[in-house]
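Here is the structure we will look at, set down as structure tokens.
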Amino acid sequence: MTPIDPETIHDVEGVPLHSVHRHDVVVVGAGLAAMRAAVEAAKDYDVAVVSKVFPTRSHSGAAQGGIAASLANEEEDHWEWHMFDTVKGSDYLGDQDGIEILVREAPVVVREFEHMGAPFSRTPDGRIAQRLFGGHTKNFGKGGPILRACYAADRTGHALLHTLYENCVKEGVRFYPEFYVLGLIVRDDVCSGVVAWDVVNGGVHVFHAKAVMFGTGGHARIFRIASISLSSTGDGPAMALRAGIPLEDMEFLQFHPTGLYIHGILVSEAARGEGGYLVNDAGERFMKKYAPDKMELAPRDVVSRAMQREIDEGRGIGGKDFIHLDLRHLGKDKIMTQLPQIHELAWKFMHVDCVTNPIPIQPTAHYSMGGIPTDNDCQVLADGKAKKVAGFYAAGECACVSVHGANRLGTNSLLEASLFGRRAGKSIVRFLRTEPALPDLPADAAKEAIEEIDGILSATGSEKTGAIRAEMQQQMTANCAVYRNGCNLEQLRAEVASLRERYGRIRIDDKGKTFNMDLIDALELGRMLDVTEIMVASALNRTESRGGHSRTDFPKRDDANWLKHTLAHRKNGAVAFDYKPVVITRFQPQERKY
């Protein structure tokens, strides 16, 4: 850590000098996007990673199936094929200039991981092994599924996360684990750091930096049934929103088809990539009705809608709200070699041995396509369009670049996080070479954060945060899930407004400062409500069905009116909208069939 020089840094009101930290770069979050940026920038500059969990507990470690790249290790493949699949998978809402960057640089990113020491599974001749995944095809969709997903058994995210952590340590990155970041310090479109709460010891800290990068992850925990970690509460997008930055395409949230029944814990798409079947109560492989060419390897939005329809029409197992994922025909050896974690999760959480019995599954809230708007170099856009925030970058699930559009293909998430985290690091290095001085740190930089903390600790209301959070998650699952309609969304918007009003009357029992998880729960809930309000308003505003956003009252895709990105922000206490065009280069929109 660079020593603080009192002559070059002003006191921050309400924060002792020893709680003001100065680094060239502050990275918030510690998943793949965050740590890949940190590794890249730390080669030249002093980098700190600030995270509310210990880095190796970040949600990236839960990703299972693989990372996409057209390596052609197992069969012929080309980046153009990968690009077509990604554009089509996005339901033509993905920006094609960004998608071309994604697929062109993918082989480089994967090989860099290999050289960093990532333990990929191997082909018999020693190359990185690749498997099938939904939506990835040969010859611009004219052929069958393609072996494109590079993997480490079914623990790919875990392997890559630990690889990056080790390389961060090697490069001398300074970690601040268990610091909850409360807000950005942004004045006149210049970012000068963040304000955070020390979870372990209590107290507000200020991190003063030349550049700040957000890799804070997604927000699917606003739903009751979700595959992501409990810490994925939309902190990054909520902080950007509070700083006056609009959020992009927040109506689009992906529901993964195969979450463990009730728990929502992810059963990787690798299970279907290795040949698993989806069957209904009659034992029928029902995907032949919905995607006859791709079957279980259709994109996730297609499979989730098919599963939900089977359940809604009474063909769930035993008439209940789940169907079966059947792996039995794969055999014990293949399951234990290629899918060992899936076997373990099914046994531990459902007491199901998938070698001998099918796994009960249901669609589960999984991935946030929308988020903080950035350009292709990961710099945050102050207006969502062209105006930039100097010194502020974002990548991974909290950001919207936008390469996923309305629906993400499996294995493109680890790729996006790693690749754009890498690009963010490179962009930051270029920025710091031209802007060597620390920006001014406002004396009142921590004022709002201190007031928020004091307000929660001293609140004497009657509402409990757990009850509000549970109601929010239940309402979102009931009214804004796989299928939506205007009537339910209007009702949900009123419910969210009521929950926000109740949040103003909370009280927490723990008034202390050391490891006060009541306080953290309250802070997270406030940000989740911010994100929920924007998502519901955006879903109500988009009167079409596209990708992960499927409205029963507007069942068709409407390119004439809605081939555009949504930009949502707060204006005079309400949600207001702006729009920007989708970047189309190589592939014109066409009907999406599988």
Side-chain angles (χ1 to χ4, degrees), residues 85-95 134-135 141 220 222-223 247-257 286-287 289-294 298-313 362-370 400 402-410 476-493 532 534-568 575 577 579-582 584 587-594:
D85 290 339
T86 301
V87 171
K88 182 180 178 182
S90 78
D91 220 346
Y92 295 91
L93 198 74
D95 288 329
I222 62 178
F223 289 83
L247 299 183
E248 182 174 347
D249 290 343
M250 290 294 285
E251 58 268 42
F252 297 108
L253 188 134
Q254 182 174 84
F255 285 80
H256 197 290
F286 55 84
M287 284 306 301
K289 297 184 293 184
Y290 304 98
D293 290 339
K294 302 298 183 284
R300 290 172 178 175
D301 62 324
V302 175
V303 180
S304 289
R305 285 194 295 275
M307 287 176 54
Q308 193 62 53
R309 178 162 293 182
E310 292 294 302
I311 291 168
D312 291 346
E313 294 179 359
Q362 66 183 140
T364 181
H366 181 61
Y367 188 88
S368 313
M369 270 81 74
C400 185
S402 147
V403 293
H404 304 310
N407 173 69
R408 175 178 68 76
L409 293 187
M476 288 296 289
T477 297
N479 296 308
C480 196
V482 175
Y483 287 108
R484 307 158 177 185
N485 64 67
C487 181
N488 286 358
L489 289 170
E490 285 283 12
Q491 177 185 337
L492 180 56
R493 181 161 63 175
T532 297
I534 295 294
M535 182 176 177
V536 173
S538 299
L540 187 58
N541 181 63
R542 183 174 285 269
T543 52
E544 68 158 355
S545 290
R546 185 186 297 267
H549 171 71
S550 186
R551 286 190 56 166
T552 56
D553 49 347
F554 294 96
K556 300 293 184 180
R557 194 179 83 188
D558 181 2
D559 286 350
N561 295 302
W562 288 106
L563 188 60
K564 57 188 178 184
H565 296 293
T566 300
L567 297 170
V575 179
F577 292 99
Y579 306 94
K580 65 179 179 181
V582 176
I584 298 173
F587 302 108
Q588 292 299 314
Q590 57 183 281
E591 186 180 0
R592 187 165 168 252
K593 294 181 179 179
Y594 291 97

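Numbering starts at 1 and runs along the sequence shown.
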task: Report yes if some heavy atom in the side chain of Tyr483 is under 4.5 Å from a heavy atom in the side chain of Arg309; otherwise report no.
output: yes
query: CZ of Arg300 to CE of Met307: how many Å apart, nearest 0.5 Å?
result: 12.5 Å
field: Note, Arg542 side chain near Asp249 side chain (heavy atom, < 4.5 Å)
entry: yes
message: Using side-chain heavy atoms (C-beta onward) and a distance below 4.5 Å, is Thr566 in contact with Met250?
response: no
query: What distance separates Leu540 CG from Leu492 CG, expressed to the nearest 0.5 Å?
result: 9.5 Å
query: If you look at every heavy atom in Leu253 and Ala365, which pair is closest and at what distance?
result: CD2-CB, 3.9 Å
- line: Value for SG (Cys487) from CG (Asn479), rounded to nearest 0.5 Å, stands at 9.0 Å
query: Which value, rounded to the nearest 0.5 Å, describes the distance between Arg551 atom CZ and Leu489 atom CG?
result: 5.5 Å
- line: Rounded to the nearest 0.5 Å, the OG atom of Ser304 sits from the NE2 atom of His366 at a distance of 9.5 Å
task: Provide the closest heavy-atom pair for Asp85 versus Gly141 in the form atom of the first, atom of the second, distance.
output: OD1-N, 4.4 Å
field: Value rounded to 0.5 Å, distance of CE in Met535 from OG in Ser368
entry: 7.5 Å
message: Tell me which one of Arg592, Arg408, Arg557 satisfies salt bridge (Lys or Arg N to Asp or Glu O under 4.0 Å) with Asp301.
response: Arg592
message: Can you give me the closest heavy-atom contact between Val302 and Ala291, atom names plus distance?
response: CG1-CB, 4.3 Å
- request: Walk me through it: do Tyr290 and Glu310 pass the test side chain to side chain contact (heavy atoms under 4.5 Å, CB included)?
  value: CA-CA 11 Å; Tyr290 304 98; Glu310 292 294 302; 2.6 Å; yes
Heavy-atom side-chain proximity of Ser538 to Phe577 below 4.5 angstrom: yes
query: side-chain hydrogen bond (donor to acceptor under 3.5 Å, both in side chains) with Arg546: which of Asp559, Asn407, Asp91?
result: Asp559
- request: Only counting residues at least two apart or in another chain, list the ones meeting salt bridge (charged side-chain N to carboxylate O under 4.0 Å, His left out) with Asp558.
  value: none
message: Would you say that Asn541 contacts Val575 through its side chain, given a criterion of any heavy-atom pair below 4.5 Å between the two side chains?
response: no
query: Would Leu93 and Met369 satisfy side chain to side chain contact (heavy atoms under 4.5 Å, CB included), going step by step from the backbone distance to the final call?
result: CA-CA 11 Å; Leu93 198 74; Met369 270 81 74; over 6 Å; no
query: Taking C-beta and beyond as the side chain, do Asp293 and Tyr594 meet within less than 4.5 Å on heavy atoms?
result: no
query: Side chain of Lys88, backbone of Lys593: donor and acceptor closer than 3.5 Å?
result: yes
- prompt: What are the two closest heavy atoms between Gly135 and Leu409, and how far apart are they?
  reply: O-CD1, 3.8 Å
query: Is the NZ or CZ atom of Lys564 positioned over Tyr579's six-membered ring, under 6.0 angstrom from the centre and within 45° of the axis?
result: yes
message: Taking NZ in Lys289 as the centre, count heavy atoms belonging to other residues, nucleotides or ligands within less than 6.0 Å. Is the count above 12?
response: yes
query: Going by heavy atoms in the side chains, are Leu567 and Glu248 under 4.5 Å from each other?
result: yes
query: Would the His404 and Tyr367 ring centres measure less than 6.0 Å apart?
result: yes
- request: Please examine the side chains of Arg305 and Phe255, heavy atoms only from C-beta on, and report whether any two atoms are closer than 4.5 Å.
  value: no
task: Check whether any side-chain N or O of Ser550 sits under 3.5 Å from a backbone N or O of Ser545 as a donor-acceptor pair, and report yes or no.
output: no
